[in-house]
Amino acid sequence: MPRILLGVSGGIAAYKALEFVRLATGAGHALRVVQTQASLRFIGEVSFAALTGAPVLSDEHEHDPARGAFPDQQPPEHEPVSHLELVRNADLFLIAPASANTIAKLAHGMADNLLGNCALAATCPLVVAPAMNNHMYEHPATQANLATLRERGVHVIEPDSGRLASKGEHGVGRLAEPARLLRECEELLGGTSSGAGEPVAEEWSGVRVLITTGGTREPIDSVRFVGNSSSGRMGLALAQAARARGAQVTVIAANVALSRPPGVQWRDAATAAQMQQACEEEFPSCDVLLMAAAVADFRPAAPSNGKIKKSTQERLRLELEPTADILCELAAKRQDGQTLVGFAAEHGAGAIDYGRGKLKQKCLDAVVVNDISRSDIGFDAEANEVTILTAGGEHHVPRASKAAVAESILDAVAHLRGS
Ligand code: CTP
């Protein structure tokens with residue numbers, strides 16, 4: 001079920017946001033609403049709460065009884081920072097109506113209210129639907145602010161033209177009709193079917209795919225760790241692509257701050273040891289393992305329980321011990337019919353040879369090699385360029401979005417499985 005976080009700012013058009021909530025919940029979306037203080041003068045929290053079936057937040061210090069969960073989720077057992085948990089759970093954040101003031105604040109990264117905090121913390125698509133008087137909308141300041149937002153990748157739903165709120169006024173600035181708001185949000189969510197986490201194809205129906213992603217963090221003390229800059233994007237692109245093909249997908253995520261693709265099972269594992277534990281539990285029941293996580297090869301041998309004080313020593317020596325090679329250990333326990341894919345982050349010349357070495361040593365069906373000496377691809381980048389190595393040969397996938405690279409990797413897996 002796609003989760004839409006709706007931000008409502010002050011303006012007469014706030015009443016149309018109620019209609020949007022009615023349409024969106026009716027179409028099967030889970031909604032939560034955050035309001036600015038100004039919007040409360042137009043529409044009260046009670047109306048949104050009744051339509052969404054969830055509490056409405058309007059203050060960043062307010063207690064959220066749902067603890068950041070959407071109506072389709074169980075609230076977590078711990079007490080998270082609710083608005084951060086809200087944006088983390090959202091698949092899309094729509095601000096409608098977005099007043100001139102809210103747009104200006106968003107363009108300048110201001111976080112003096114709950115809505116601004118949510119917008120800065122959101123890693124899901126941010127959509128802004130302006131609504132205001134035509135002179136305010138056409139003012140160069142508003143237009144420059146909207147241009148800034150667009151440049152940053154914010155999707156702007158253009159306002160309609162027609163009769164405006166003040167008597168006798170006509171022009172551009174009317175909030176887009178709720179049905180258009182919903183249509184544009186659904187397009188951004190990837191169409192109602194895949195956006196809903198529902199498979200759009202049957203090709204991989206019944207295939208259980210286990211994907212690890214992100215980067216492990218190995219504690220030095222209670223606040224510091226040895227880690228890496230893997231964002232988890234490649235693994236999430238694989239999860240989305242496998243889900244769209246009809247697979248049953250489980251993701252084991254190491255410190256991934258991106259929003260969770262709908263329709264996949266999700267487990268968090270912060271350290272290599274936790275990743276190993278989760279993999280051991282999930283691996284026996286999977287058909288395909290895509291081990292995209294950057295797992296630490298070493299961890300501090302004796303992490304401190306407290307916080308290491310600078311004053312206690314002049315020089316700090318950190319002793320590291322090896323972690324288990326999870327993929328190798330899983331490969332040793334593989335059952336017939338399981339397909340195992342490793343990912344090799346290699347630096348510059350010799351990358352393919354190192355990858356081939358890993359294919360053999362780790363007894364894998366395929367290794368996806370990427371060259372981490374390049375800053376435009378791979379770790380923490382939007383794009384990737386890889387070479388897929390199998391016993392039968394190699395296939396170079398030129399620089400493309402991680403979504404497109406994910407499709408090539410799944411094609412290779414399908415080929416290996418003879419499907
Ligand atoms: N991997 C793993 N457990 C580890 C380290 C790596 O399961 N402790 C997995 C990774 O998820 C990846 C593959 O092994 O799929 C290759 O990881 P990589 O770090 O490139 O290779 P290493 O075998 O660790 O070798 P090196 O770092 O020396 O290149």
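In this text, all values refer to a predicted model and were calculated from it rather than measured experimentally. When a ligand or atom number is given, it counts from 1 through the structure's own listing order.
Residue, atom and distance of the protein heavy atom nearest to atom 8 (N) of ligand 1 are Ala324 O, 2.9 Å. Here the heavy atom of the protein found nearest to atom 22 (P) of ligand 1 is Lys362 NZ, 3.8 Å. Considering only non-hydrogen protein atoms, atom 3 (N) of ligand 1 sits nearest to Ile326 N, 3.1 Å. Considering only non-hydrogen protein atoms, atom 27 (O) of ligand 1 sits nearest to Asp297 OD2, 3.0 Å. At the top of the distance list for atom 15 (O) of ligand 1, counting protein heavy atoms only, stands Met291 O, 2.7 Å.
Taking a cutoff of 4.0 Å between a charged side-chain nitrogen and a carboxylate oxygen, Arg417 and Asp365 do not qualify as a salt bridge. Between Glu158 and Arg150 there is a salt bridge, since a side-chain N of the basic residue sits under 4.0 Å from a carboxylate O of the acidic one. Glu329 and Lys333 are not joined by a salt bridge, as no carboxylate oxygen comes within less than 4.0 angstrom of a charged side-chain nitrogen.
Close approach to Thr323 involves these atoms of ligand 1, each under 4.0 Å from a residue heavy atom: 8 (N). Ligand-side atoms of ligand 1 in range of Ala345: 20 (O), range being under 4.0 angstrom from any heavy atom. Near Ala293, with a cut-off below 4.0 Å to any heavy atom, the atoms of ligand 1 are 10 (C), 11 (O). Residue contact check: Ala296 has heavy atoms under 4.0 Å from atoms 8 (N) of ligand 1.
Atom OH of Tyr354 has 12 or fewer heavy atoms from other residues, nucleotides or ligands within 6.0 Å. The neighbour count for Glu85 CD, taken as heavy atoms of other residues, nucleotides or ligands under 6.0 Å away, is above 12. For CD of Gln335, the number of neighbouring non-hydrogen atoms (other residues, nucleotides, ligands) closer than 6.0 Å is greater than 12. Shown here is Gln74, whose CD atom has no more than 12 heavy atoms of other residues, nucleotides or ligands within 6.0 Å.
Inspection of the Asn113 and Glu60 side chains reveals no N or O donor paired with an N or O acceptor under 3.5 Å. Side-chain atoms of Thr216 and Glu218 form a donor-acceptor pair, as typed in the model, at a separation below 3.5 Å.
The closest heavy-atom contact to atom 25 (O) of ligand 1, among the options Met275, Arg299, Lys358, Glu346, comes from Lys358.
Residue Ala294 places no N or O, backbone or side chain, under 3.5 Å from any N or O of ligand 1. Between Gly342 and ligand 1, not a single N/O pair is under 3.5 Å apart. At least one N/O-N/O distance between Leu327 and ligand 1 falls below 3.5 Å. For the pair Phe343 and ligand 1, the shortest N or O to N or O distance falls below 3.5 Å. Of the polar atoms of Ala344, none of the N or O atoms is found under 3.5 Å from an N or O of ligand 1, judged by distance alone.
A donor-acceptor pair under 3.5 Å links the side-chain atoms of Gln338 to the main chain of Phe283, judged by distance alone.
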